[in-house]
Amino acid sequence: MSRRVSILGATGSIGQNTIDLIARAPQDYEVVALTGARNIAQLAADARRLNARLAVTACDDLLDDLRAALDGSGIEVAAGAAAIIETAQRPADWIMSAIVGAAGLAPGMAALEQGTTLALANKESLVCAGPLLLATAQQHGATILPVDSEHSAIFQALVGEDVASVERIIITASGGAFRDWPLDDLVNATLAQASQHPNWDMGQRITIDSASMFNKAMEVIETHEFFGISPDGIEVLVHPQSMVHALVGFHDGALMAHVGPPDMRHAIGYALNHPNRGMLPVERLDLAAIGRLDFAAPDSRRWPALDLARRTMTRGGLAGAVFNAAKETALDGFINGQLKFTQMADIVAETLDRMDHAGGHIDAKMTLDNVLQTDHLARRAAQAAIDRRAG
Ligand code: NAD
Ligand code: MG
């Protein structure tokens, strides 16, 4: 029997890898909907190829372009943020959440409310609203399967284990583009330099977040929220080869490592085939040829984002929503040339400070409305901090 699937963020790096897997066995899937944003040509081509019922762009101004691109196909079209949420409400057995940024939160929530299986690549939603996401899944009988490579690795290492016997979790980081740069040069890092990843081929935003370690900082919070591990039990290890994705340490001293090539189709495919293991078209590692795997402790002067993640977890409440919004705004500031690479962490730290003194937003009850409101206020505070520096 074929399974009904939808892909939110189908035109991005994770979305395209998901489509690659689905297109290899089209008879197994009935594609309900694909969503994208500005890349209408890709969205339309994939909707036709996969025979999707619905194609949606996040951009209202591109509805006519999408309609024209799908003319005569019989595929339904829609546009706008509300249409993306409605798409997530369309009955499907498996939904990929691969929109980038906090924009993925409301659609992910809508998907959980229909009791589906949500393959969660959108780490921002766990950082902003982890407890809300988990409670919503539980309330509606939905399942969340992690798709971040580290979290898929942890999830797999925990099969058949009791989380209560976990002592620590180690997630690895490649170190990104600037791992070996002299510290003093970081302040002059350019956008082009920060957009190159040594091992993974990903969207631009997460690639820059890898260079700044904000991606790993988000993943530490993601680990805390999703697996319920205390901040003290989560470690980051720099591992330049990106082959050991995570290690789970149990209280008998055993460390279970997940090893595989840096190819997101593994984590996506695991979530797609769960609870089974399907055949996946990923490289089989030849460890003798690889010869060695290296590990080192991260330097917090090079990557202050890691300490900001600890501070965010310790603060709790809606601090994660502030952290994420400030990080996204600072990243925009770096991309559009308002900020230097090293100033992104300063903006996040300053925004956490200010929001802590701004009317109790961080301590507000965790509802979707409050998270979105805090996200909005934190973006404004972060942008004001950026403008103060520029002015
Ligand atoms: P990407 O930039 O390549 O793609 C993002 C997708 O989101 C695109 O389909 C885009 O059209 C859509 N989108 C952008 N803004 C939107 C908006 N406002 N509303 C609705 N849709 C919007 O990003 P990516 O690298 O595929 O990452 C997607 C998510 O997966 C992120 O949360 C990222 O952190 C996470 N992730 C990615 C990787 C990876 O290898 N790329 C690995 C782990 C986790
Ligand atoms: Mg990851």
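Heavy-atom basis, side chains included; hydrogens, waters and symmetry copies ignored. All ligand and atom numbering here is 1-based and tracks the order in the structure.
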>> Does Asp201, at its CG atom, have more than 12 non-hydrogen atoms belonging to other residues, nucleotides or ligands within less than 6.0 Å?
In response: no
> Counting heavy atoms not belonging to Arg53, are there more than 12 under 6.0 Å from its CZ?
Replying inline: yes
>> What is the name of the N/O/S atom of Glu150 that is nearest to the Mg ion (ligand 2)?
In response: OE1
>> Could you walk me through whether Leu306 and Ser300 satisfy the side chain to side chain contact (heavy atoms under 4.5 Å, CB included) test, starting with their C-alpha distance in whole Å, then the side-chain angles of each, then the deciding distance to 0.1 Å, before giving a yes or no?
In response: CA-CA 7 Å; Leu306 295 174; Ser300 59; 5.9 Å; no
> NE2/His140 to CE/Met109 distance, rounded to the nearest 0.5 angstrom?
Replying inline: 7.5 Å
> Under 4.0 angstrom from ligand 1, any heavy atom of Lys123?
Replying inline: yes
> Is there a chain of hydrophobic side chains (I, L, V, M, F, W, Y, each step under 4.5 Å between heavy atoms) that links Leu191 to Leu339?
Replying inline: yes
Show the atoms of ligand 1 that are less than 4.0 angstrom away from any heavy atom in [X].
X      : value
Ala58  : 19 (N), 20 (C)
Met202 : 39 (C), 40 (O), 41 (N)
Ala98  : 5 (C), 6 (C), 7 (O), 28 (C)
Glu124 : 31 (C), 32 (O), 34 (O)
Ala121 : 30 (O), 32 (O), 35 (C), 36 (N), 44 (C)
Gly36  : 11 (O)

Looking only at N/O atoms, are [X] and ligand 1 under 3.5 Å apart anywhere?
X      : value
Ala37  : yes
Ser13  : yes
Gly203 : yes
Gly12  : yes

Would you mind checking if [Y] and [X] are paired as a salt bridge, meaning a charged N to carboxylate O distance below 4.0 Å?
X      : Y      : answer
Arg310 : Asp232 : no
Lys123 : Glu150 : no
Arg49  : Asp46  : yes
Asp375 : Arg379 : yes
Arg380 : Asp387 : no
Arg354 : Glu350 : yes

Between [options], which one has a non-hydrogen atom sitting closest to [atom]?
atom                    : options                       : value
atom 38 (C) of ligand 1 : Thr18, Ile14, Thr11           : Ile14
atom 17 (C) of ligand 1 : Ala103, Ser152, Ala83         : Ala103
atom 21 (N) of ligand 1 : Ile99, Asn122, Thr207, Asp148 : Ile99
atom 12 (C) of ligand 1 : Pro107, Gly9, Gly104          : Gly9

> Hey, what's the angle at the Mg ion (ligand 2) spanning OE2 (Glu219) and OD1 (Asp148), nearest 10 degrees?
Replying inline: 90°
> Of the protein's non-hydrogen atoms, which lies at the shortest distance from atom 33 (C) of ligand 1, and what is that distance?
Replying inline: Ile206 CD1, 4.0 Å
>> How far is atom 15 (N) of ligand 1 from the closest protein heavy atom, and which atom is that?
In response: Val100 CG1, 4.3 Å
>> Between Phe341 and Asn188, is there a side-chain heavy-atom distance shorter than 4.5 Å?
In response: no
